[in-house]
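The structure appears below as structure tokens.
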Amino acid sequence: MTAPGAGRPGRERDHSAPHRASPLSGSYKTATARLRATPELTLIWGFHAAQEALRSERRKILRVSATEAAAERLAPELEARGLTPEIFSGADLDAKMPRDAVHQGVVVEARPLADLDISDVPDTGTLLVLDQITDPHNVGAIMRTAAAFDVAAMITTERHAPDMTGVLAKSASGGLEHVPVVHVVNLARALDSLAKRGFQIVGLDSEGTQPLEDVEPSSSLVLVLGAEGKGLRRLTRERCEVVARLDMPGAIKSLNVSNACAVALATLRLRRPAS
């Protein structure tokens, strides 16, 4: 019989051995207030989004908060930047984050990336134009796709567009660090300036006049995407050389805008002659 208070064989705790804190952390922190993005502060949560932000030379990092497990996984990126994260328990990191944020154990506080001016957009390559797409999940997914297809820049409106932070950054899964963004006041005027530079302007709409696979893409192409429900606005549509559609073979004939973007970019890539 085991004596009262005695541990089971092989399970005795060595009280002489001090508890070792993570070499990355020091003591655990306690959340005091929820984080909130501002015009001067971008919040980037989610493992892959945070990892790409830490790898980006363009991104000025202010602070990294993480669970011990996430900090260990990000150790190479943290050490390369000379950063020591603040370590939180999962519950305390939840309390620090905006409500319902799926943070995967890490949040990076950083400065926003500088916008690209439309005059600095390269003369060749594919550009994406978003015509008042406001859902951050969709815009983030579009940025992730844009990074995968090596899109040269994404152009959106200053108004009726989500902030490049938080949910959008998480949905972009690192794409925010790789796709330059241009914000413009007047989208129709921006499209006019790109057309003058020789860009082919192709709108995507379920009511387009021809299938996208029939479009001969040039080496300088702008793909214009409209908001779900509203589609392309009249002035935007008038600037398009062609408004194309995706002909879907199944019972459902339309896709959400981020999925449509992925299919469209893949179609154009296959149609473009190999360089």
Side-chain angles (χ1 to χ4, degrees), residues 19-116 130 133-148 154 156 161-181 183 258:
H19 171 71
R20 293 189 179 182
S22 164
L24 290 167
S25 63
S27 59
Y28 276 44
K29 300 288 185 178
T30 301
T32 56
R34 291 191 185 275
L35 290 172
R36 191 164 62 91
T38 71
E40 298 300 320
L41 178 66
T42 294
L43 300 180
I44 302 169
W45 62 74
F47 183 82
H48 293 295
Q51 185 178 51
E52 291 301 316
L54 291 170
R55 290 174 174 173
S56 173
E57 295 181 358
R58 297 193 302 141
R59 181 71 75 176
K60 180 175 175 56
I61 307 297
L62 303 177
R63 184 181 294 108
V64 179
S65 303
T67 62
E68 192 164 349
E72 292 286 354
R73 291 179 66 196
L74 289 168
E77 288 78 16
L78 291 165
E79 290 171 6
R81 295 292 292 260
L83 295 168
T84 300
E86 295 185 352
I87 300 299
F88 291 79
S89 68
D92 275 325
L93 193 57
D94 286 343
K96 181 182 176 75
M97 302 293 294
R99 298 184 190 279
D100 301 322
V102 183
H103 54 73
Q104 296 177 310
V106 61
V107 57
V108 174
E109 297 170 60
R111 294 296 183 212
L113 293 174
D115 273 6
L116 192 69
L130 310 189
I133 300 176
T134 58
D135 180 73
H137 294 91
N138 273 333
V139 176
I142 287 169
M143 292 200 77
R144 181 176 185 175
T145 298
M154 187 181 81
T156 187
D163 293 330
M164 301 289 158
T165 186
V167 170
L168 186 153
K170 169 65 168 61
S171 299
S173 195
L176 192 58
E177 312 303 321
H178 297 285
V179 182
V181 176
H183 284 95
S258 60

For Arg59, salt bridge (Lys or Arg N to Asp or Glu O under 4.0 Å) partners two or more places apart
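By the salt bridge (Lys or Arg N to Asp or Glu O under 4.0 Å) rule, Arg59 matches Glu177.
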
Restricting to salt bridge (Lys or Arg N to Asp or Glu O under 4.0 Å), what partner residues turn up for Arg34, sequence neighbours left out?
none

I need the [X] [atom1] to [Y] [atom2] distance, nearest 0.5 Å.
{"X": "His178", "Y": "Arg144", "atom1": "NE2", "atom2": "CZ", "result": "11.5 Å"}
{"X": "His183", "Y": "Met154", "atom1": "NE2", "atom2": "CE", "result": "7.0 Å"}
{"X": "Leu43", "Y": "His103", "atom1": "CG", "atom2": "NE2", "result": "12.5 Å"}
{"X": "Leu78", "Y": "Glu72", "atom1": "CG", "atom2": "CD", "result": "10.0 Å"}
{"X": "His137", "Y": "Leu168", "atom1": "NE2", "atom2": "CG", "result": "9.5 Å"}

Tightest non-hydrogen contact, residues Lys96 and Ser65, listed as CE-OG, 3.1 Å

For Arg73 and Pro76 the tightest heavy-atom approach is O-CD, 3.8 Å

Between Phe88 and Asp94, is there a side-chain heavy-atom distance shorter than 4.5 Å?
no

Is there a side-chain contact (heavy atoms from CB on, under 4.5 Å) between Leu113 and Met164? Walk through the geometry before answering.
CA-CA 9 Å; Leu113 293 174; Met164 301 289 158; over 6 Å; no

Would you confirm whether Arg111, through its side chain, and Glu40, through its main-chain N or O, come within 3.5 Å as a donor-acceptor pair?
yes

Mind running side-chain contact (heavy atoms from CB on, under 4.5 Å) on Leu83 and Leu54 for me, showing each step along the way?
CA-CA 9 Å; Leu83 295 168; Leu54 291 170; 3.7 Å; yes

